[in-house]
Amino acid sequence: MDSEAKRMGKVAAERDDYVPERVEARWRSFWEEERTNEVDLDAAERPFFNLMMYPYPSAEGLHVGNLYAFTGADIHGRYRRLLGEDVFEPIGFDAFGIHSENHALQVGVHPMELIPRNVANFERQLRRAGLMYDWTRTVDTTDPDYYRWTQWIFLKLFEAGLAEKKEAPVNWCPSCKTVLANEQVIAGRCERCRTPVGQRMLSQWFFRITEYAGRLLDNLEWIDWSRTTKTAQRNWIGRSEGARLWFPFVIVGDGGSGLADGSAVRARAIEVFTTRPDTLFGATFLVLSPEHPVVDEVTMPDRLEEVAAYQAATAGQDLMERRKVDRAKTGVFTGGHAVNPATGEEIQIWIADYVLMDYGTGAIMSVPAHDQRDFEFATRFGLPIRAVVAVSAGEGEAKDLADVPLGPGSSAFVEHTTDEVLINSGRFSGMPADDGGLAIVEWLAERSLAEPAINYRLHDWCISRQRYWGPPIPIIYCESCGTVPVPEDDLPVRLPYLEDFRPEAAGVSPLARVEEFYRVECPECGGEARRETDVSDTFLDSAWYFLRYPSTEFDDRPFDEARTRRWLPVDSYIGGEEHSVLHLLYSRFIVMALHDLGYLEFEEPYRRFRKHGLLVKDGAKISKSRGNVVIPDAYIDRYGADTFRTYLMFLGPYQEGGDFRDRGIAGPERFLYRVWDSVVAAVAASAGGRGCGEIEPELERALHRAIKKVTEDLERLSYNTAIAALMDYVNALRSEGRTPSLPEVRPLVIMLAPVAPHIAEELWERIGGEPSIFDHATWPTYDPAKLEEDKVDIPVQVNGKLRATVRVARGASREAVEELALRDENVRRHVEGATIRKVVHVPDRLINLVVG
RNA sequence: GCGAAAGUGGCGGAACCGGUAGACGCGCCAGCCUUAGGAGCUGGUGGCCUGAGGGCCGUGGGGGUUCGAGUCCCCCCUUUCGCACCA
């Protein structure tokens, strides 16, 4: 602060002007000294757990997007507190993970030094933002006292059979010799060295979240979440109903018929999943994913070379590239054949990279007449196409069966909706497609060649990271005992300090270079054993952090039973929509699993979740690469946290986001100065014996309306309109230069407190309240009887067009309003010469005269 | 391609049940009061026409339902976000 500004501050102070910096510093220390933001976790009678998504403490510091998210959640917490609830509002730091590690690599500072620095900086910034955090209960995921419990959760899931090790493909940079996350692959190349990225199979730990897919989906029916977030989860889980079908291989020299009865046949068959069993008669070939284990078995000797070459080419693609839709279809024939279980025909088996190993069974029945991708493939390679579904010509009859056009755009290439019938499908021809599909499955089920099935898009959760900056996975491998969990008493498995933490070894974690770390005794037999050297995914850290907050002081349990019963599930969770699927799904899964294991009484972690919108700047997403990152510090220095908070919440609907423009901040700034001036004037008037008594009647209505509006709007997070209502009320208080009275400003100060807590605290004290306002004020209530005037202005329409307004007593009858309306000159002009055919009267709202 | 959300003054946005479109704020215009801070206060501000009574048009475009549509229905366009060869 330069001396000029200091001088002005002093002048302002002498004049009793609002000086945000002084006010905010004063109350910040008051809250800290009086421990205003702490709550007695064991005695709270009306516990309200107000959760917001803890930040990743980046080196750049807190940005305006973080503050936008936190402020919106904080307002809700403060509001609940003023309603008399015991609000617990904690914060923490999600400081493990590739983000942090990459940044540490970039700046050449070890994460164990860098992270505490970043956390300290974040904390400094957060402390001046007016957030109601209980700083005695923070969580830092990199603290061994925290991650020992992350490891404990892994052990519990392992014991329950929900953690398993299996092979999975990963992006692999052959030059850096490291695994890459999908975000690190840019246009098929390594983001660091530009080398084309390939795929590699690695053995990794998975949580079997797919076991919970059905429940995770079903509970979405009743949990109280933003609708769009639920939809995102529903799509992500991706339930498809259909059937599994078995296509027996044709074994050379076997005579070709694999259609024996009995389930034994399945062992020698290719299993496919389809959502369209009704089209089975049109399945004219099979396509396997190039990685499918059965490829070797079905490939004929003369095709081996070609098939191997194609498999190699596929493996050379990175996972992202392969999933591009707009590429031309490629594939090769294996030489092998299978039998279509419905038609008995021998059909060719191909491999193609458009079939993905990680969805369904990794094999499809190809129905080119009714599937875009299969159609492209069949056209390219000259494979047969047979239509088996057609638009109904009515009454179960297909159109001309002999001449059904094929391929996209044709009537046979129908979407699976309504009004289709089967054709060319043996005895199923003529059936509506849906019924036909069921009938076909039923028919084949008798021979164990089909069964109804539900498939999920959701994959098991790979939690292994061949990286340094995360909690070591608590597993030990012993030659004789196999995979052995680390005994609970030995937790935490501490992450050692590594001078060189670069992820450069061949697909293994940097920890694999540290003998002192991985060489251990087997906890079971005491023999030589090797520790798991991968660390776990950051999303595991964040999948349970909210369980820890109320129990941070316990070092012998992750979450205390009594505390958990009192505080959880979380009452309100507010966060960004970018976490709709991963974090919000993983945390549901972990809670559900812990519930099933008897550690938690509830199976859904959040009573209510609301997403907030995205803050953009000048119409563009805020990002480092665009160079439009907004750091809040300068604004808080210049305007104070209260003005900044008010501005952030005023610039648009919180749940939809908004555009940050420097210019707009003037409005909220003036508003707070006006509030200040009004309250100071009211106090002075009251001291002078003037205007200290009643609320003026014309203002009473404005006040009760404001209370109603603000209360309802805070309830539904509609902060921009709540602030508008407060502004409106202040305008009414000051209209025609009047001086407001104390009873007129007291409710204003309370209603302002959630949004602008410092100034509200200061003004509360000045009007004689005992600080803190959050402990001693009561949220104002409104009287419905005082909301409306006893006279109302009623718009008069003629044929739906506004022609006049008339002022009538509240509740006036249709006749009375009509009579008055017809007395209006302008109305009369429009009604003249016509007859009134109808009068629509909405009491106290409108009258419409229909003439003609 | 699929899914979701959204298109309203010069700008950010309001209108929650189909009932006076544009609350609140920014900006702008006019006036007043000040000389230095947050400058403040008062009034005006969708467009076009006007005889100053008012009239016509107006919520992305086109249809429709209705006494009445930003709001409901159908078709189309645009933007943003997510997922993306999901069988």
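Excluded from the calculations below are hydrogen atoms, water molecules and symmetry mates; all remaining heavy atoms, backbone and side chain alike, are included. A note on names: the letters A, B, ... follow the listed sequences, proteins ahead of strands, and every chain is numbered from 1.
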If you measure from the P atom in B/rC76 to the same atom in B/rG1, how many Å do you get, rounded? 13 Å
Distance test, side-chain N/O of A/Arg674 to OP1/OP2 of B/rC41, below 4.0 Å: yes
Once you measure the plane-to-plane angle for A/Phe381 and A/Trp350, does it fall in the parallel (<30°), tilted (30-60°) or perpendicular (>60°) bin? tilted
Side-chain N or O of A/His841 less than 4.0 angstrom from OP1 or OP2 on B/rG19? no
Between A/Arg663 and B/rC11, is there a contact of a side-chain N or O with OP1 or OP2 at under 4.0 Å? no
Pick the P atom in B/rU20 and in B/rC72, then give their distance to the nearest Å. 16 Å
Distance between the C1' atoms of B/rU79 and B/rU65, in whole angstroms? 29 Å
Taking O4'-C1'-N9-C4 for purines and O4'-C1'-N1-C2 for pyrimidines, is B/rG9 syn (within 90° of 0) or anti? syn
Go through A/Ser718 and A/Thr721 one step at a time and tell me if the side chain to side chain donor-acceptor pair (under 3.5 Å) criterion holds. CA-CA 6 Å; A/Ser718 183; A/Thr721 52; 2.6 Å; yes
Against the side chain of A/Thr275, the closest entry in B/rC83, B/rU20, B/rA87 is B/rA87
5′-ward residue of the pair A/Gln797/A/Asn826 relative to RNA chain B: A/Gln797
CZ of A/Phe660 versus P of B/rC11: gap in Å, rounded? 20 Å
In the structure shown, which nucleotide is the Watson-Crick or G-U wobble counterpart of B/rU65, with both distances under 3.5 Å? none
For B/rG53 and A/Arg829 - does any side-chain N or O of the residue sit under 4.0 Å from the phosphate oxygens OP1/OP2? no
Using modelled atom types only, decide if a donor and an acceptor are shared between the side chain of A/Arg645 and the backbone of A/Val755 within a distance under 3.5 Å. yes
Using the P atom as the point on both nucleotides, what is the distance between B/rC73 and B/rG47, in whole Å? 32 Å
Quick check on B/rG25: is either OP1 or OP2 less than 4.0 Å from any side-chain nitrogen or oxygen of A/Asn731? yes
Can you tell me which nucleotide in B/rC83, B/rG19, B/rC56 comes closest to the side chain of A/Arg803? B/rC56
Using a heavy-atom cut-off of under 4.0 Å over every strand shown, decide if A/Asp677 touches base, sugar-phosphate, or nothing. base
Is B/rC86 paired to anything, Watson-Crick or G-U wobble with both distances less than 3.5 Å, and if yes, which nucleotide? none
With a 4.0 Å cut-off on heavy atoms, is A/Lys611 in touch with a base, just the backbone sugar-phosphate, or nothing at all? nothing
Counting side-chain heavy atoms from C-beta on, which of B/rC16, B/rC24, B/rG19 comes nearest to A/Met727? B/rC24
Any side-chain N or O of A/Arg670 less than 4.0 Å from the OP1 or OP2 oxygen of B/rG27? yes
Side-chain N or O of A/Arg638 versus OP1/OP2 of B/rG38: is the shortest distance under 4.0 Å? no
Using a cut-off of less than 4.0 Å, is there contact between a side-chain N or O of A/Lys801 and OP1 or OP2 of B/rC57? yes
Check every strand shown and say whether A/His579 touches a base, only sugar-phosphate, or nothing at a heavy-atom separation below 4.0 Å. nothing
Apply the syn/anti split at 90° from 0 to B/rC16 and say which one it is. anti
Could you tell me which nucleotide pairs with B/rC48 by Watson-Crick or G-U wobble geometry, both distances under 3.5 Å, or answer none if nothing does? B/rG55
Rounded to the nearest Å, what distance is computed from the CG atom of residue A/Leu846 to the C1' atom of nucleotide B/rA21? 14 Å
Looking at the rings of A/Phe650 and A/Phe671, which for Trp means the six-membered one, are their centres under 6.0 Å apart? no
Does OP1 or OP2 of B/rG38 have a side-chain N or O of A/Tyr18 closer than 4.0 Å? no
Which value, in whole Å, describes the distance between the P atoms of nucleotides B/rC75 and B/rG3? 13 Å
Can you tell me if CZ on A/Arg716 sees more than 12 non-hydrogen neighbours from other groups inside 6.0 Å? yes
Taking the six-membered ring for Trp, are the ring centroids of A/Tyr68 and A/Phe644 within less than 6.0 Å of each other? no
Which nucleotide in the set B/rG55, B/rA4, B/rG3 lies at the smallest distance from any side-chain heavy atom of A/Arg227? B/rA4
On RNA chain B, check which nucleotide each of A/Asp728 and A/Ser240 is closest to and give me the residue with the more 5' one. A/Asp728
Expressed as a whole number of angstroms, how long is the span from A/Leu651:CG to B/rA23:C1'? 17 Å
Inter-nucleotide P distance (B/rA4, B/rG43), Å rounded: 48 Å
Once you round it to whole Å, what is the distance between C1' of B/rG19 and CD1 of A/Ile847? 12 Å
Measure from the side chain of A/Ile364, starting at C-beta and using heavy atoms only, and say which of B/rA87, B/rC83, B/rC85 lies closest. B/rA87
Considering only heavy side-chain atoms of A/Leu802, the closest of B/rC16, B/rU20, B/rA23 is B/rU20
Nearest-Å distance once atom C1' is located in both B/rG70 and B/rG60: 12 Å
Round to a whole Å and report the spacing from OH of A/Tyr719 to P of B/rC24. 23 Å
Taking the side chain of A/Glu712 as its heavy atoms from C-beta onward, which of B/rU20, B/rG3, B/rC16 lies nearest to it? B/rC16
Could you give the CD-to-P distance, from A/Gln655 to B/rC81, as a whole number of Å? 20 Å
Quick check for you: to the nearest 0.5 Å, what is the distance between A/Asp677 atom CG and A/Asp17 atom CG? 7.0 Å
Against the six-membered ring of A/Trp236, is A/Arg457 placed for a cation-pi contact (under 6.0 Å from the centre, within 45° of the normal)? yes
For residues A/Phe377 and A/Tyr354, establish whether the separation of their ring centroids is below 6.0 Å. yes
Whole-Å gap separating C1' (B/rC26) and CZ (A/Phe650): 9 Å
Quantified in whole Å, what is the P atom distance between nucleotide B/rC17 and nucleotide B/rA6? 13 Å
Contact under 4.0 Å: A/Arg734 side-chain N or O vs B/rC41 OP1/OP2: yes
Identified pairing partner of B/rG70, criterion: Watson-Crick or G-U wobble below 3.5 Å: none
So which nucleotide from B/rA15, B/rC16, B/rC85 ends up closest to the side chain of A/Leu356? B/rC85
So does A/Arg828 get a side-chain nitrogen or oxygen closer than 4.0 Å to the phosphate oxygens (OP1/OP2) of B/rG54? no
For the pair made of CH2 in A/Trp350 and C1' in B/rC85, what is the distance, rounded to whole Å? 17 Å
Syn or anti for B/rG53, given that syn means the glycosidic angle lies within 90° of 0? syn
A/Arg661, nearest nucleotide to its side chain (from B/rC67, B/rC16, B/rC11): B/rC11
Mate of B/rG10 where both pairing distances stay under 3.5 Å, Watson-Crick or G-U: B/rC26
Show, in sequence, the C-alpha distance, side-chain angles and deciding distance for A/Leu714 and A/Ile75, and conclude whether the side-chain contact (heavy atoms from CB on, under 4.5 Å) test is met. CA-CA 8 Å; A/Leu714 291 188; A/Ile75 289 174; 4.0 Å; yes
Using Watson-Crick or G-U wobble geometry with both distances below 3.5 Å, tell me the partner of B/rG31, or none. B/rC41
